[in-house]
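Report on one structure; see the data block that follows.
Keep in mind it's a predicted model, so treat the numbers as computed, not measured. One-based numbering, in listed order, for ligands and for the atoms of each. Below, all heavy atoms of this structure are taken into account, side chains as well, without hydrogens, waters or symmetry copies.
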Amino acid sequence: MLSWETDAAPNNGRVALVTGAARGIGLGISAWLIAEGWQVVLADIDRERGSKVARALGNNAWFVAMDVSQEELVSLGVAEVLGQFGRLDALVCNAAIADPHTPPVEELDLRRWKRMLDVNLTGPMLLAKYCAPYLRGHRGAIVNIASTRASQSEADCEAYAASKGGLVALTHALAVSLGPEVRVNCVSPGWIDARDPSQQRLAPLSVFDHAQHPVGRVGTVEDVAALVAWLLSDSAGFVTGQQYVIDGGMSRKMIYQD
Ligand SMILES: NC(=O)c1ccc[n+]([C@@H]2O[C@H](COP(=O)([O-])OP(=O)(O)OC[C@H]3O[C@@H](n4cnc5c(N)ncnc54)[C@H](O)[C@@H]3O)[C@@H](O)[C@H]2O)c1
């Protein structure tokens with residue numbers, strides 16, 4: 001059963017649906033958009049945490065529980081958003097199984113592979129499927145959150161890399177299918193410190209963690225949120241089908257070791 005977690009009446013501002021918004025980058029994007037005046041519906045599989053953070057974000061935040069890999073739940077969730085607001089202006093597909101590591105491919109369980117693809121790739125397709133009619137009506141925009149791992153790898157990340165590579169391709173396919181009414185872009189973050197700062201036992205990042213980046217630091221959720229907000233804005237009106245890498249320059253470095 002889908003539920004609304006605040007009693008606040010929706011106002012007439014633009015409405016964004018952000019998936020995977022109970023924590024990390026999705027929460028940061030939601031907070032940023034609210035600060036810019038958006039009404040934001042946070043969607044997540046984690047109902048308890050999602051409800052809590054939506055309440056903490058104030059009167060322009062709502063929560064809807066949703067497993068993005070389940071077509072019926074996506075359909076119901078989107079219908080709920082439209083029932084409440086009567087409009088949808090932006091979709092941010094951020095929900096994912098974000099840990100890229102899986103067992104070596106020789107031992108990779110097919111169910112694990114399929115679950116990663118279902119959440120990270122099929123989820124954004126389902127969201128686009130059910131949101132597109134409403135986004136078309138308001139000349140809206142979609143931003144998918146991919147990863148630099150769409151084009152770079154370390155060992156034992158096959159499912160994650162494939163899911164994010166697929167998401168980059170899904171992005172340009174959707175941009176062509178949904179244009180000119182809907183723009184569709186993706187953001188590919190590198191290392192973003194998306195850990196919850198309220199967690200007391202977080203190990204601090206090292207000097208080397210930061211210094212290895214050409215910009216001199218690891219990324220923050222705000223770095224990603226600012227780019228997503230721009231891509232959703234009218235200022236990005238001539239931009240669609242693109243992948244924006246946001247990694248402090250890491251993927252531009254030569255990595256051969258002496
Ligand atoms: N943090 C990074 O360094 C980094 C780098 C590159 C890409 N990314 C991408 O950014 C996005 C967010 O990453 P993060 O680090 O904040 O991850 P996170 O694990 O902190 O947050 C992911 C959120 O998605 C939710 N979620 C997971 N499965 C879901 C499902 N089936 N349906 C609905 N919600 C679901 C989780 O409950 C969680 O709230 C992901 O797409 C991830 O792949 C992150």
Side-chain angles (χ1 to χ4, degrees), residues 2 17-32 41-54 57 63-78 91-102 112 114-127 130 142-154 157 159-168 170-171 186-199 202 205 209-210 213 217-225 227-228 243-248 250-251:
L2 301 163
L17 175 60
V18 181
T19 70
R23 67 185 73 241
I25 293 172
L27 176 56
I29 292 168
S30 301
W32 189 285
V41 181
L42 295 84
D44 206 284
I45 200 169
D46 184 343
R47 178 188 289 271
E48 190 184 335
R49 195 179 157 96
S51 314
K52 198 171 134 193
V53 300
L57 284 173
F63 173 72
V64 63
M66 182 192 292
D67 177 344
V68 297
S69 70
Q70 302 294 317
E71 181 161 12
E72 197 186 340
L73 297 182
V74 171
S75 162
L76 279 171
V78 173
L91 166 65
V92 181
C93 292
N94 164 83
I97 298 174
D99 180 355
H101 300 284
T102 39
R112 188 136 177 209
K114 285 185 172 168
R115 181 66 185 154
M116 185 86 87
L117 272 288
D118 281 352
V119 175
N120 296 12
L121 179 56
T122 305
M125 182 280 294
L126 291 173
L127 265 302
Y130 286 96
I142 298 174
V143 176
N144 294 319
I145 308 299
S147 169
T148 48
R149 289 173 186 269
S151 48
Q152 291 179 284
S153 286
E154 60 184 341
C157 295
Y160 186 85
S163 73
K164 295 300 188 178
L167 189 53
V168 174
L170 176 66
T171 297
C186 72
V187 167
S188 283
W191 183 357
I192 306 299
D193 187 5
R195 301 174 300 171
D196 183 349
S198 69
Q199 294 289 317
L202 281 184
L205 299 177
D209 291 336
H210 291 293
H213 291 75
R217 65 173 176 83
V218 168
T220 65
V221 296
E222 289 78 19
D223 290 323
V224 179
L227 178 54
V228 170
Q243 176 188 193
Y244 283 77
V245 171
I246 178 165
D247 69 347
M250 279 302 280
S251 58

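- The single protein non-hydrogen atom nearest to atom 19 (O) of ligand 1 is A98 CB, 3.7 Å, given as residue, atom name and distance.
- Distance from atom 24 (O) of ligand 1 to its nearest protein heavy atom, with residue and atom name: G20 CA, 3.4 Å.
- Among all non-hydrogen protein atoms, the one lying nearest atom 29 (C) of ligand 1 is I45 CG2, 3.8 Å.
- In M66, the part holding a heavy atom less than 4.0 Å from any atom of ligand 1 is the backbone.
- Protein heavy atom closest to atom 28 (N) of ligand 1, with residue, atom name and distance, is V119 CG1, 3.8 Å.
- Where the criterion is an N or O separation shorter than 3.5 Å, residue side chain and backbone included, W191 fails it with respect to ligand 1.
- Less than 4.0 angstrom separates some heavy atom of G24 from each of these atoms of ligand 1: 16 (O).
- Checked against I145 for a side-chain contact (heavy atoms from CB on, under 4.5 Å), the options V18, I29, T19 give a single hit: I29.
- The two residues D46 and A22 come nearest to each other via the heavy atoms O-CB, 4.3 Å.
- With hydrogens and angles left out, the side-chain atoms of N144 and T171 include a donor and acceptor closer than 3.5 Å.
- The line from CG of D44 to CE of M66 is 10.0 Å long, rounded to the nearest 0.5 Å.
- Of the listed options G219, S147, G190, G190 places a heavy atom closest to atom 4 (C) of ligand 1.
- Applying the 4.0 Å criterion to heavy atoms of R115 picks out, from ligand 1, the atoms 31 (N).
- Annotation: side chain of R115 is in contact with side chain of I97 (closest heavy-atom distance under 4.5 Å).
- Not a single donor-acceptor pair under 3.5 Å links the side chain of D247 to the backbone N or O of S188.
- Between A194 and ligand 1, not a single N/O pair is under 3.5 Å apart.
- Atom 7 (C) of ligand 1 has its closest protein heavy atom at A146 O, 3.2 Å.
- Scanning the protein for heavy atoms near atom 6 (C) of ligand 1, the closest one is P189 O, 3.2 Å.
- Ligand-side atoms of ligand 1 in range of A95: 24 (O), 33 (C), 34 (N), 35 (C), range being under 4.0 angstrom from any heavy atom.
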Q. Going through the distances and angles, do L42 and L57 end up as a side chain to side chain contact (heavy atoms under 4.5 Å, CB included)?
A. CA-CA 10 Å; L42 295 84; L57 284 173; 3.8 Å; yes

request  = List the steps, then state whether side chain to side chain contact (heavy atoms under 4.5 Å, CB included) holds for Y160 with R149.
outcome  = CA-CA 8 Å; Y160 186 85; R149 289 173 186 269; 3.5 Å; yes

task: Show the numbers, then the answer: is there a side chain to side chain contact (heavy atoms under 4.5 Å, CB included) between D193 and T220?
output: CA-CA 5 Å; D193 187 5; T220 65; 6.0 Å; no

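- Across all their heavy atoms, G20 and N94 have their closest contact at O-ND2, 3.0 Å.
- Heavy atoms of R195 come nearer than 4.0 angstrom to ligand 1 in no pair at all.
- The shortest N or O to N or O distance between D67 and ligand 1 is below 3.5 Å.
- When each atom of ligand 1 is checked for a heavy atom of I192 under 4.0 Å away, the hits are 1 (N), 2 (C), 3 (O).
- In terms of heavy atoms, A96 sits closest to K164 at CB-NZ, 3.8 Å.
- Listed by number with element, the atoms of ligand 1 under 4.0 Å from a non-hydrogen atom of K164 are 40 (C), 41 (O), 42 (C), 43 (O).
- Screening V228, V245, D223 against V187 for a side-chain contact (heavy atoms from CB on, under 4.5 Å) leaves a single residue, V228.
- Here the shortest heavy-atom pairing between W32 and A225 reads CB-CB, 3.6 Å.
- In terms of protein heavy atoms, atom 21 (O) of ligand 1 is closest to R23 CG, 3.5 Å.
- At a 3.5 angstrom cut-off on N or O pairs, G26 does not count as close to ligand 1.
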Verdict with supporting geometry, R112 and D99, salt bridge (charged side-chain N to carboxylate O under 4.0 Å, His left out)
CA-CA 12 Å; R112 188 136 177 209; D99 180 355; 5.7 Å; no

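- Close contacts of ligand 1 with I145, meaning ligand atoms under 4.0 Å from a residue heavy atom, involve 9 (C), 10 (O), 11 (C), 41 (O).
- Not one N or O on the side chain of R47 forms a donor-acceptor pair closer than 3.5 Å with the backbone of A65.
- Nearest non-hydrogen protein atom to atom 22 (C) of ligand 1 is A96 O, 3.9 Å.
- When only interatomic distances are considered, the shortest N/O to N/O separation between D44 and ligand 1 falls below 3.5 Å.
- Counting only non-hydrogen atoms, the option in T19, I25, D99 that gets closest to atom 13 (O) of ligand 1 is I25.
- Within the 4.0 Å heavy-atom criterion, neither part of M116 lies near ligand 1.
- At a 3.5 angstrom cut-off on N or O pairs, S69 does not count as close to ligand 1.
- Here is the list of ligand 1 atoms found below 4.0 Å of a heavy atom in A22: 39 (O).
- Nearest-heavy-atom check against atom 41 (O) of ligand 1 across D118, N94, N144 picks out N94.
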Exercise for review: Quick one: do T122 and S69 satisfy side chain to side chain contact (heavy atoms under 4.5 Å, CB included)? Show the steps, please.
Suggested key: CA-CA 6 Å; T122 305; S69 70; 5.9 Å; no

